[in-house]
S.K.: 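Before I ask anything, here is the structure I am working with.
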Amino acid sequence: MYKRKVTGAERFFYHSPFSTVTMVARIKGLVTREMLEQAVLKVQKRHILLGVRIEDKQYEGLWFTSNNVGSIPIEVVNRQSDEDWIKIHAEGAKIPFDFDNKPAIRFILAQSPAISDLIILCHHTICDGMSLAYLARDLMIHLGNPELEPKVLPASEPISMENLPKDALPSGLIRFFIKRIKQKWADEIVFFNQKDYEAINEAYWDNFNHQILSIELSEEKTKVLVARCRAEKVTVNTALIAAFSGAQQILFGKKPHHSKTASAVSLRARLPHSPGEGMGYYALGLEVKFDYKHQKSFWENARRYHKKIGTNIPNKRAFGDLPAFLLMDSNIYEALNFKKLGKLVRPEFTHFEKLHSFSKMDDVIIDLLKRAGMETLETKLLGTAVTNLGRLDFSREYGNLELDRLIMQPGGAFPLVHVDMVVGAVTCAGKLSLIVEYAEEAVDPLTMKKVKDQALNLLFSQSN
C-alpha cells in the first residue's frame, strides 16, 4: 500500500473548482472504450498518483492513500468535428472530483471511426502540464500495443522542504511570518469537506463562464514560426507572451494589469530528487512586468521581454512563494477559495450557513487576501498568463494509431476573472497548438477574438 502526506504546495489547489488541467490527444485511427479502459489500467500501474484518493485527517493533514480507491471515470461520446472537445471539456470541467474515494482524474473519449480526441481532465493537486503530456504519450503506447506491460515508475519525490535546492530555501524572516500566520489560523481554523467543495464548485460555475479559443497551427506554419523566432534571437515562449500581451496593449491601451504577465516554469530538473517523467505538481508561474513599446517593432519588443525573463532564472526566483506554501502546511490556502466563493453558495445547500458565515468572518484569511489584492473577485491581477510545454519529441506512430497533436489547457491557481487570458501552448508531432482561455465576466468574446487575431498577426506578419 502507498501512503504519504500531501504537501503544502500540493494542497494549495485542493478543493479548488478551477484548478483542473486538461490535455487533449488527437488520435488518428480507431480507439474503442475497451482499448482505453485497458490502457488506463496500465498507466495506473506506471504512475502511483493515478491510484490514490485523498484522506483528510484534519489536524494531521491530508494523505494520499492507495487503500480502497475507486475506479477512474471513463466516458465515451460521439465526435463530429475538431471543435467538439471544447464544449465537451467545458461541461467536464464543471464536474467535481470525488477526492475522498477516487483518483482526481477522469477521461473522456470523443470518438469517431477515423479520428478521436482523448480528453484528460486532472486536478492540479496531482499533476502539472508536463505530467499530462507524459501521461498522454504513455496512453498512446498502450493503446498502440495492448500486450505491452507497463514500466512502473518509482514513486516521485514531491517538492518538499527536504527536496528544495539550497538557494531556494526560505529566509528566517519568511519563516517567522509564516509561523505567526499559522498561530493565528490555529485559533480560528475551519475545516472543509467534500460537500463544502461541491457547494463552492457549483457556485463558481453558476457565476462564471470560461470560454476557449483554439488555434491549431499546421506543421508548415509551426516551422515558419520557429525559424522566425530563431532568426530574431528569441524563444517561441517569449514570442507568444510578447504577442498576446502586446496585442492586448495595442488594441485596448494600458490598464495597470495589462503589463503584468506570468510564464510557467518547470521545476522538475531543479530539484535534488527530480521526478523525471512522473506525475505530480512541479511547476510555478514566474511574473514579469512588460510594457509594450508601440514605437518599436514587435520583434524588438519580443527581444526586450526575452531579456527580462532571462535564460538562466535563479532558483530563488523560479521557486517564488512555493517554499512558503510548504511551510504553511495546513488548509489555510484551501480556505482562501471558501472565503471568496462562500458568499456565492445558494441558500438551498445544506452547507450554506457554514460557508456563507465563513465568507463574512474577519480573520487571518481575509488579511491574506487583502495582502495579495484578491479580497474581491473584481480585482485584475494579470493581463496574460502563459504555460508553454515547448516541443515534445514524442513518436507519432503507435501501432495502427497516429498521435496527430496535443492540446493543453493549463488550469489555474485562482479564479480566472483575476486574469484577462490564460494561454496554453504545446508543440507535438511538429504542430503547435494554442488555446486562449478567458472568463466572459472579465473580458467579452469579441474583445478576445480581436486579441487573438492581433497576436497571430504580430507573430506571422513579415513586416513587424
S.K.: Give a yes or no on whether the backbone of Glu441 and the side-chain of Asn209 come within a donor-acceptor separation of less than 3.5 Å.
M.R.: no
S.K.: When you measure from the side chain of Arg79 to the backbone of Leu109, do you find a donor-acceptor pair of N or O atoms at a distance under 3.5 Å?
M.R.: no
S.K.: If only atom types and distance count, is the side chain of Asp321 paired as donor or acceptor with the main-chain N or O of Ala324 below 3.5 Å?
M.R.: no
S.K.: Compare all side-chain heavy atoms of Pro170 with those of Met161 and state whether any distance is below 4.5 angstrom.
M.R.: yes
S.K.: Quick one: do Leu403 and Arg396 satisfy side chain to side chain contact (heavy atoms under 4.5 Å, CB included)? Show the steps, please.
M.R.: CA-CA 5 Å; Leu403 178 58; Arg396 300 191 190 197; 5.5 Å; no
S.K.: Mind checking whether His124 and Phe12 have ring centres under 6.0 Å apart?
M.R.: no
S.K.: What's the spacing between Ile241 CD1 and Asn301 CG if we round to 0.5 Å?
M.R.: 13.5 Å
S.K.: Restricting to non-hydrogen atoms, name the atom on Asp98 and the atom on Gln194 that form the minimum distance, rounded to 0.1 Å.
M.R.: CA-NE2, 3.7 Å
S.K.: Hey, is CZ on Arg175 packed in by over 12 heavy atoms from elsewhere, all under 6.0 Å?
M.R.: yes
S.K.: Could you tell me whether the side chain of Leu336 reaches within less than 4.5 Å of the side chain of Ile365, counting heavy atoms only?
M.R.: yes
S.K.: Please walk me through it: do Tyr281 and Thr7 pass side chain to side chain donor-acceptor pair (under 3.5 Å)?
M.R.: CA-CA 10 Å; Tyr281 167 59; Thr7 70; over 6 Å; no
S.K.: Kindly say whether Tyr292 contributes a backbone atom to a donor-acceptor pair with the side chain of Gln249 at under 3.5 angstrom?
M.R.: yes
S.K.: I'd like to know if the side chain of Asp420 pairs up with that of His257 as donor and acceptor (distance under 3.5 Å, no hydrogens or angles considered).
M.R.: yes
S.K.: Locate the shortest heavy-atom distance separating Asn337 from Ser16; write the atom from each residue and the value.
M.R.: ND2-CB, 3.6 Å
S.K.: Considering residues at least two apart in sequence or located in another chain, which fulfil the side-chain contact (heavy atoms from CB on, under 4.5 Å) criterion with Ala425?
M.R.: Leu240, Asn388, Leu432, Leu434
S.K.: Between Lys343 (side chain only) and Lys340 (backbone N and O only), is there a donor and an acceptor less than 3.5 Å apart?
M.R.: yes
S.K.: So among Arg11, Lys182, Lys5, which one has a salt bridge (charged side-chain N to carboxylate O under 4.0 Å, His left out) with Asp329?
M.R.: Lys5
S.K.: Any salt bridge (charged side-chain N to carboxylate O under 4.0 Å, His left out) pairs touching residues 281-306, not counting sequence neighbours?
M.R.: Glu232-Arg303
S.K.: Evaluate the side-chain proximity of Ile27 to Tyr398: yes if any heavy-atom separation is below 4.5 Å, no if none is.
M.R.: no
S.K.: Hey, does Ile250 have a side-chain heavy atom less than 4.5 Å from the side chain of His294?
M.R.: yes
S.K.: Given the rule in the side chain to side chain contact (heavy atoms under 4.5 Å, CB included) test, do Ser461 and Phe298 qualify, once you have shown the distances and angles that lead to the verdict?
M.R.: CA-CA 10 Å; Ser461 173; Phe298 166 69; over 6 Å; no
S.K.: Within the 3.5 Å criterion, strictly below it, is a donor on Thr379 or Glu375 matched to an acceptor on the partner's side chain?
M.R.: no
S.K.: Taking all atoms of both residues into account, what is the closest heavy-atom pair of Thr384 and Ser245, and its distance?
M.R.: OG1-CA, 3.6 Å
S.K.: Does a sphere of radius 6.0 Å around CZ in Arg230 hold more than 12 heavy atoms from other residues, nucleotides or ligands, not counting ones at 6.0 Å or beyond?
M.R.: no
S.K.: Looking only at heavy atoms, which two atoms of Leu382 and Ala262 are closest? And how far apart?
M.R.: CD1-CB, 3.8 Å
S.K.: Please check this pair: side chain of Ser19 against backbone of Gly412, looking for a donor-acceptor N/O pair closer than 3.5 Å.
M.R.: yes
S.K.: For Ala302, is there any backbone N or O sitting under 3.5 Å from a side-chain donor or acceptor partner on Thr238?
M.R.: no
S.K.: Working to the nearest 0.5 Å, report the span between CG of Leu50 and SG of Cys122.
M.R.: 7.0 Å
S.K.: Shortest non-hydrogen contact from Asp167 to Lys316?
M.R.: O-CD, 3.2 Å
S.K.: For the atom pair CD (Gln454) and CZ (Phe244), what is the distance rounded to the nearest 0.5 Å?
M.R.: 11.0 Å
S.K.: Is a donor on one side and an acceptor on the other found under 3.5 Å between the side chain of Arg268 and the backbone of Gly276?
M.R.: yes
S.K.: Stepwise, does the side chain to side chain contact (heavy atoms under 4.5 Å, CB included) test hold for Glu75 with Ile119?
M.R.: CA-CA 10 Å; Glu75 185 181 358; Ile119 305 164; over 6 Å; no
S.K.: Can you tell me if CZ on Phe191 sees more than 12 non-hydrogen neighbours from other groups inside 6.0 Å?
M.R.: yes
S.K.: Can you name the residues that form a side chain to side chain donor-acceptor pair (under 3.5 Å) with Asp84, not counting sequence neighbours?
M.R.: Ser81
S.K.: Side chain to side chain contact (heavy atoms under 4.5 Å, CB included) between Leu389 and Leu406: does it pass, once the steps are laid out?
M.R.: CA-CA 10 Å; Leu389 301 185; Leu406 290 178; over 6 Å; no
S.K.: Do the charged groups of Lys339 and Glu188 touch, with an N to O distance under 4.0 Å?
M.R.: no
S.K.: Distance from Leu355 atom CG to Leu344 atom CG, nearest 0.5 Å?
M.R.: 11.0 Å
S.K.: Do Ser274 side-chain atoms and Leu271 backbone N/O form a donor-acceptor pair below 3.5 Å?
M.R.: no
S.K.: With a 3.5 Å cut-off and no angle check, do the side chains of His15 and Asn331 form a donor-acceptor pair?
M.R.: no
S.K.: Are Asp453 and Lys449 within salt-bridge range, i.e. N to O under 4.0 Å?
M.R.: yes
S.K.: Side chains of Leu217 and Ile215: does their closest heavy-atom pair fall under 4.5 Å?
M.R.: yes
S.K.: Check the surroundings of atom NZ in Lys221: do more than 12 heavy atoms from other residues, nucleotides or ligands lie under 6.0 Å from it?
M.R.: no
S.K.: Would the Phe208 and Phe18 ring centres measure less than 6.0 Å apart?
M.R.: no
S.K.: Drop me the distance from Leu62's CG to Thr125's OG1, to the nearest 0.5 angstrom.
M.R.: 8.5 Å
S.K.: Please report the interatomic distance OG(Ser259) to CD(Gln248), rounded to the nearest 0.5 Å.
M.R.: 9.5 Å
S.K.: Any side-chain heavy atom of Ile105 within less than 4.5 Å of one from Leu135?
M.R.: yes
S.K.: So, Asn163 versus Ser160: side-chain donor-acceptor pair below 3.5 Å or not?
M.R.: no
S.K.: Could you tell me whether His123 and Phe99 have their ring centroids closer than 6.0 angstrom?
M.R.: yes
S.K.: Is there a side-chain contact between Ile159 and Leu164 (heavy atoms, below 4.5 Å)?
M.R.: yes
S.K.: Verify, without hydrogens or angle tests, whether Tyr197 (side chain) and Phe97 (backbone) share a donor-acceptor contact under 3.5 angstrom.
M.R.: yes
S.K.: With side chains defined as the heavy atoms from C-beta onward, is the minimum distance between Ile200 and Val345 less than 4.5 Å?
M.R.: yes
S.K.: Which heavy-atom pair separates Arg106 from Pro96 by the least distance, and what is that distance?
M.R.: NH2-O, 3.1 Å
S.K.: Between Phe338 and Phe358, does the ring centroid distance fall short of 6.0 Å?
M.R.: no
S.K.: Are a donor atom and an acceptor atom from the side chains of His210 and Glu437 found within less than 3.5 Å of each other?
M.R.: yes
